[in-house]
K.L.:
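Quick one: the structure is below, questions incoming.
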Amino acid sequence: MQILPMPFEFERLSTEALSIEIEDIEWAIQLSQQIPDNSRQWQTYLNALGLLTLKKWLEERDNHLTVNWQESTIAKPELMNVFPIISNLQVGQFKLCLITLDSVFDEEVSLSRFVVDIPEFVPHFYVLLEVAEEQEAGIVRGVMNYQQLKENISNSSSSSSDIGGRSDWTYQIPLDWFEAEPNNLLLYLRVLKPEAILLPALTVDRKQELAAMASELARFLPQLQPPETELWQVLNWQQGSAVVTSPDLLKWVYQLQTNNLDNANLETNSSREKKLQTYLADLIKLVTQPAINLGRWLWGELDELGEALSWELIGLSPASEFRSPTAEFAAIKSQLHTQGVEIPNTARCGHHNFNLAGNLLRIYAVAWNSSTESEPNSWSLFLILGAPAPNTLPNNLIFRLSDKTGILSEQQVNSQQVNSYLFTAVSGTWDEKFIVSVNIADGVEVTLPTFAFDIR
C-alpha cells in the first residue's frame with residue numbers, strides 16, 4: 001500500500017466538508033460536560049463532533065458502513081477522561097481510531113501511546129479528521145493502518161528521529177504519514193479482511209500485572225485528585241497501562257476527579273489520603289483475586305477455592321458439642337434473635353479460622369438468596385468476627401468490609417466493648433462482590449477471599 005504525502009495547501013472548507021448541525025453541537029456539548037478538566041473537555045467536544053462527521057461521511061458513501069461507538073472510549077466518561085482520541089470504534093469487523101484536530105496546519109499530530117502500545121485499544125485504521133468548529137464543518141483528512149504506523153515508527157527510531165518515547169506518553173506523528181486520499185478508507189473497509197492487518201496480541205495477564213503493583217497504585221493514584229492532573233504526571237508507563245486496562249480503577253480515578261467518591265469527605269487531608277489508599281488496596285484485590293461462591297452453599301457445597309482455604313459449612317440448628325463452631329454459631333444466632341436480628345432458615349453458614357499477629361480468629365459468613373419481585377437477583381451477607389473460646393478479640397483490631405463503591409463498614413475493637421463479636425451485614429445483586437479485611441496494626445492485615453454469590 002503506497003503512502004501518499006499529505007497536502008498542506010488546501011481550502012479551509014473544501015467540497016468534501018460536511019456541515020455540523022445544531023443538534024450535533026448540542027450533543028457534543030452535553031457529552032463533553034462530563035469531563036472535569038477544561039482542556040480535556042474541549043478535546044472531548046471536538047472528538048464528539050468528529051465522530052458524528054465520520055458517521056455521516058461513511059453513510060453518505062455506503063449505507064452498509066455503520067459506525068458502532070457504544071463500546072468505544074467515548075461511550076464511558078471514565079475512558080473519555082483519559083483518552084484524547086476515540087478508540088475501539090467498530091465498522092463491520094474493523095476497529096478504528098479517530099484522531100480529531102481543530103487544525104491540520106501543523107506538520108505533526110500527537111498520538112497517544114494508548115492506541116499504539118496497548119493491545120486492547122490498537123485499531124486496524126487511524127482516521128485523521130479536522131473539525132472547523134467556527135465554520136460548523138468537518139472533513140475526513142487521511143487514513144493510516146496499524147502496520148504502516150508501526151513500520152514508520154520503527155524506521156524513524158532507527159534514524160534517531162524524535163517520534164516517540166515522550167514523557168507525556170505520546171508519539172509525534174508527521175501528517176504526511178497519513179494517506180491523503182480518505183476515500184481509500186472506503187476501499188479498505190469494503191475489500192480487506194481484518195486479518196490482513198495484524199494487530200498485537202495481549203501477552204500479559206492483566207490481573208496478575210495489576211496485583212503486582214497494587215501497593216504502588218494505592219500510594220500514587222490519590223495524587224490524581226486535581227482534575228487537570230493526567231496519568232502520565234503521576235504514574236510510569238507500566239502503571240498507566242495497568243490503570244487504563246482496568247475499568248474499575250479508571251472509574252475510581254474519574255470519581256476522584258469529579259469529587260464523587262462516597263468516602264471523600266473526611267476531616268483532614270491526611271486521613272482522607274490514608275482512607276483512599278486503604279480502599280484502593282481493597283478495590284485492587286476485589287478485581288484481581290478469585291472469589292468464593294457462596295451461592296454453592298445453598299446446595300450444601302463448597303467450591304474449590306473454599307475447600308482449598310479450609311472453609312467449613314455448618315448447619316443453622318443447635319449442636320450438642322460444647323464450644324464447637326456449630327454450637328457457638330447457634331448461641332450467636334439466639335443472641336441476635338433477642339436483639340431483633342433474624343437470619344432466615346434458607347440461609348447457609350460457613351466458618352474459617354485464621355491467625356492475625358499471633359491471635360487466633362474465627363469468622364462466620366452467612367449468605368442467602370434475598371431476591372424479591374421488586375429486587376430480583378439479590379443476595380444478603382451477614383458476617384460475624386470473633387475468636388474461638390476462650391480467646392477474645394484483641395484491642396484495636398479493625399474489621400473492614402468493602403465493595404466496588406467504597407468502604408461499606410469499618411469497626412474497631414476497644415477496651416470498653418462489651419460484645420465479644422463484631423457484626424456487619426450487606427446486600428447486593430448477584431453480580432456484586434464483597435471483600436473483608438482484618439488488621440491489628442499498620443501493615444499487619446489479613447484479607448479474606450472475595451465473597452461472591454451465583455446460583456445461576
Side-chain angles (χ1 to χ4, degrees), residues 214-215 218-219 222 262-286 289 292 309-312 314 322-341 343 349-367 381-403 405-426 434-451:
S215 60
R219 187 166 70 254
D262 290 341
N263 53 10
N265 297 319
L266 301 177
E267 293 181 359
T268 65
N269 289 334
S270 60
S271 64
R272 183 180 191 278
E273 185 162 342
K274 184 176 181 181
K275 195 84 167 180
L276 293 177
Q277 291 179 0
T278 298
Y279 173 66
L280 275 171
D282 286 348
L283 177 59
I284 293 173
K285 290 171 185 173
L286 264 172
Q289 292 183 355
I292 293 180
L309 297 174
S310 301
W311 278 77
E312 295 181 16
I314 62 176
F322 181 62
R323 287 181 176 175
S324 71
T326 303
E328 181 184 35
F329 179 72
I332 296 171
K333 184 170 179 283
S334 177
Q335 178 185 345
L336 290 171
H337 176 72
T338 63
Q339 298 173 3
V341 179
I343 296 177
C349 178
H351 76 92
H352 174 64
N353 294 340
F354 62 99
N355 192 289
L356 175 66
N359 298 278
L360 184 60
L361 303 176
R362 175 178 292 162
I363 188 167
Y364 294 94
V366 190
L381 175 65
F382 194 92
L383 297 166
I384 306 161
L385 179 66
N391 302 311
T392 59
L393 292 175
N395 286 338
N396 300 321
L397 177 143
I398 298 175
F399 181 37
R400 187 174 72 251
L401 174 68
S402 302
D403 69 357
T405 67
I407 296 175
L408 304 177
S409 171
E410 192 168 48
Q411 304 174 55
Q412 182 169 348
V413 177
N414 58 66
S415 57
Q416 286 76 38
Q417 183 169 327
V418 177
N419 201 325
S420 56
Y421 299 95
L422 295 178
F423 306 90
T424 190
V426 68
F434 305 96
I435 192 166
V436 170
S437 295
V438 185
N439 69 76
I440 199 169
D442 288 342
V444 182
E445 182 171 277
V446 169
T447 300
L448 299 175
T450 301
F451 293 119

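Values below: every heavy atom of this structure, side chains too, minus hydrogens, waters and symmetry copies.
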K.L.:
For a 4.5 angstrom cut-off between non-hydrogen side-chain atoms, does Pro222 reach Leu280?
P.N.:
yes
K.L.:
For Ile314 and Pro325, which heavy atoms make the closest approach, and how far apart are they?
P.N.:
CD1-O, 3.9 Å
K.L.:
Within this structure, what is the CG-CG distance for the pair Asn414 and Asn395, rounded to the nearest 0.5 Å?
P.N.:
7.0 Å
K.L.:
Glu445: what forms a side-chain hydrogen bond (donor to acceptor under 3.5 Å, both in side chains) with it, not counting sequence neighbours?
P.N.:
Arg400, Asn439
K.L.:
Any side-chain heavy atom of Pro394 within less than 4.5 Å of one from Ile440?
P.N.:
yes
K.L.:
Measuring only between side-chain heavy atoms, which start at C-beta, is Ile398 closer than 4.5 Å to Glu410?
P.N.:
yes
K.L.:
Report the C-alpha distance between Phe329 and Ile343 in whole Å, list the side-chain angles of each, state the deciding distance to 0.1 Å, and finish with yes or no for side-chain contact (heavy atoms from CB on, under 4.5 Å).
P.N.:
CA-CA 12 Å; Phe329 179 72; Ile343 296 177; 4.1 Å; yes
K.L.:
Are any non-hydrogen side-chain atoms of Leu356 and Leu397 less than 4.5 angstrom apart?
P.N.:
yes
K.L.:
Is a side-chain donor-acceptor pair under 3.5 Å present for Gln335 with Tyr421?
P.N.:
no
K.L.:
Which of these, Thr278, Val446, Asp282, sits in a side-chain contact (heavy atoms from CB on, under 4.5 Å) with Ser437?
P.N.:
Asp282
K.L.:
How long is the span from the NE2 atom in His351 to the OG1 atom in Thr326, to the nearest 0.5 Å?
P.N.:
6.5 Å
K.L.:
Which residue is it: Leu381, Leu383, Leu385? I am looking for the one with a side-chain contact (heavy atoms from CB on, under 4.5 Å) to Thr424.
P.N.:
Leu383
K.L.:
Measuring only between side-chain heavy atoms, which start at C-beta, is Val438 closer than 4.5 Å to Phe354?
P.N.:
yes
K.L.:
Roughly how far, to the nearest 0.5 Å, is CD1 of Ile363 from CG of Leu422?
P.N.:
10.0 Å
K.L.:
Mind checking whether Ile435 and Gln289 have side chains closer than 4.5 Å, heavy atoms only?
P.N.:
yes
K.L.:
When the ring planes of Trp311 and His352 are compared, do they come out parallel, tilted or perpendicular, using 30° and 60° as the limits?
P.N.:
parallel
K.L.:
For a quick test of reading the model, state the closest non-hydrogen atom pair linking Phe382 to Ala425 and the distance between them.
P.N.:
CD1-CB, 3.6 Å
K.L.:
Evaluate the criterion side-chain contact (heavy atoms from CB on, under 4.5 Å) for residue pair Phe423 and Val341; output intermediate values, then yes/no.
P.N.:
CA-CA 11 Å; Phe423 306 90; Val341 179; over 6 Å; no
K.L.:
Just how far is it from atom OH of Tyr279 to atom OG1 of Thr405, taken to the nearest 0.5 Å?
P.N.:
6.0 Å
K.L.:
Answer whether the closest heavy-atom distance between the side chains of Arg362 and Glu328 falls below 4.5 Å.
P.N.:
yes
K.L.:
With heavy-atom distances below 4.5 Å as the criterion, would you say the side chains of Val426 and Phe451 are in contact?
P.N.:
no
K.L.:
To the nearest 0.5 Å, tell me how far Thr392 OG1 sits from Asn359 CG.
P.N.:
8.5 Å
K.L.:
Return the minimal non-hydrogen interatomic distance between Ala218 and Ala281, and the atom names on each side.
P.N.:
CB-N, 4.3 Å
